[in-house]
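Both ligands and their constituent atoms are indexed starting at 1 by order of listing.
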Amino acid sequence: MNPLYETMATSVFERMSLAAARHGAVNLGQGFPDFGWPPEILDAAARALTDGSNQYAPSRGLPALREAVAAHYARHHGLDLDASGICVTSGATEALAAALLATLSPGDEAIVMTPAYDAYAPLIRRAGATVREVALQPPHWRIERAAIEAAITPRTRAIVLNNPHNPTGRLFDADELATVADLAIAHDLVVVADEVWEHLLMDGQSFVPIATFPGMAARTIKCGSAGKIFSLTGWKIGWIAAAPPLADLAARAHQFLTFASAPNLQAAVAYGLDEGDAWLAPMRSRFARARDRMSAMLTEAGFAVLPSAATYLLVVDLAASGIALDDEAFAALAVERAGVAVVPMSPFAEVDPPRHLVRLCFAKRDETIDAGVAALARAKALAASG
Ligand code: PMP
């Protein structure tokens, strides 16, 4: 048996969603919207299901989707790519797996900034490499040059950069990205750029992919996800976007992970990317309204909310909210006794994880937000009464 899996805990997202279902709780834990997908894209998927092919897609993806992804990034983010740099995967999770398996060898090290999405560490280990955590510090969660530099050794091969950042809701600024780019070039590292939240921005911000920094195009493997762009997380259509030599390498790993993904969903995502630019701005404003509603209600209920300007996630500081329980204890109490699931943040780091923070998903209809915050207020009262 492989000890990596024998000792592995269930992903915190799955754990909290199962608990939410078991207790009939409002689910503000796992990051998925309960509104917001464009009906046009569902119609396109239905048409593709009945009229299109239901047999294996090419391993690297339908040509129409590969072209649509490249054109989308050229249009929105100035990336100089064509279809030869795109490989369609089963969600960004598989894109990350392919990218990490393709670039890391046994004995290598990879840098992960924590709190970090929970897939990185096990995938790095599956590639035989070692995880080097660099802890970002609340409440600003800034990338500091000295901290990254201190983690680089002669064995370092890759940096995983998640921007915008789950779970903190931060969009890293140009200086922080320049630091990562600089160090990657100086130490000849690959950057696995998990940019799945690239369109989920608020407050007028714009997104700059790390691959557009000078010298970075040839050493960046970008991972994207239609699940995030179109609020269709269950579709699990993602992709790798990279310079052809890196894309080819990752595509070889992808061949023997899933080989290919559902052709009908790929066709619908191609349609969405080609036709759906006008959907993006209203989507952002709708999510910003949901964030503002949830933040205001939480603040009103006595919770300390950290700023969130990207993703559809926000962080609550339990200690600053007057809650003495740690994140896991509060999350258990909230789902079991108050009827709301949240995500404790300690599973997002292995070394010295913060234990006073929980993550909430705000991409919810008003009634879901209202019910969730009311339940959180009950949980806070229960926590205070012991
Ligand atoms: N990376 C990050 C940072 C994420 O937040 C997510 C989804 N929550 C993923 C990757 C996985 O994306 P997908 O669902 O397309 O596999």
* To do: Please state whether the rings of Phe287 and Phe35 are parallel, tilted or perpendicular, taking 30° and 60° as the class boundaries.
  => tilted

* Asked: Can you name the side-chain contact (heavy atoms from CB on, under 4.5 Å) partners of Val208, sequence neighbours left out?
  -> Thr212, Phe213

* To do: Hey, could you give me each pair passing side-chain hydrogen bond (donor to acceptor under 3.5 Å, both in side chains) that has a residue in residues 43-53? Not counting sequence neighbours.
  => none

* Asked: What do the steps show when you test Arg155 against Arg132 for side-chain contact (heavy atoms from CB on, under 4.5 Å), and what is the final call?
  -> CA-CA 11 Å; Arg155 290 175 175 268; Arg132 283 287 197 134; over 6 Å; no

* To do: Flag the pair Phe207 / Phe172 as yes when their ring centroid distance falls below 6.0 Å, and as no otherwise.
  => no

Inventory of protein N or O atoms under 3.5 Å from ligand 1 N or O:
residue, atom, partner, partner atom, Å
ligand 1, 1 (N), Asp194, OD1, 3.3
ligand 1, 1 (N), Asp194, OD2, 2.5
ligand 1, 5 (O), Asn166, ND2, 2.9
ligand 1, 5 (O), Trp197, NE1, 3.0
ligand 1, 8 (N), Lys228, NZ, 3.0
ligand 1, 14 (O), Lys236, NZ, 3.3
ligand 1, 15 (O), Ala92, N, 2.8
ligand 1, 15 (O), Ser225, OG, 2.7
ligand 1, 16 (O), Ala92, N, 3.1
ligand 1, 16 (O), Thr93, N, 2.9
ligand 1, 16 (O), Thr93, OG1, 2.6
ligand 1, 16 (O), Lys236, NZ, 2.7

* **Non-neighbouring partners of Tyr312 that pass side-chain hydrogen bond (donor to acceptor under 3.5 Å, both in side chains), sequence neighbours left out** => none

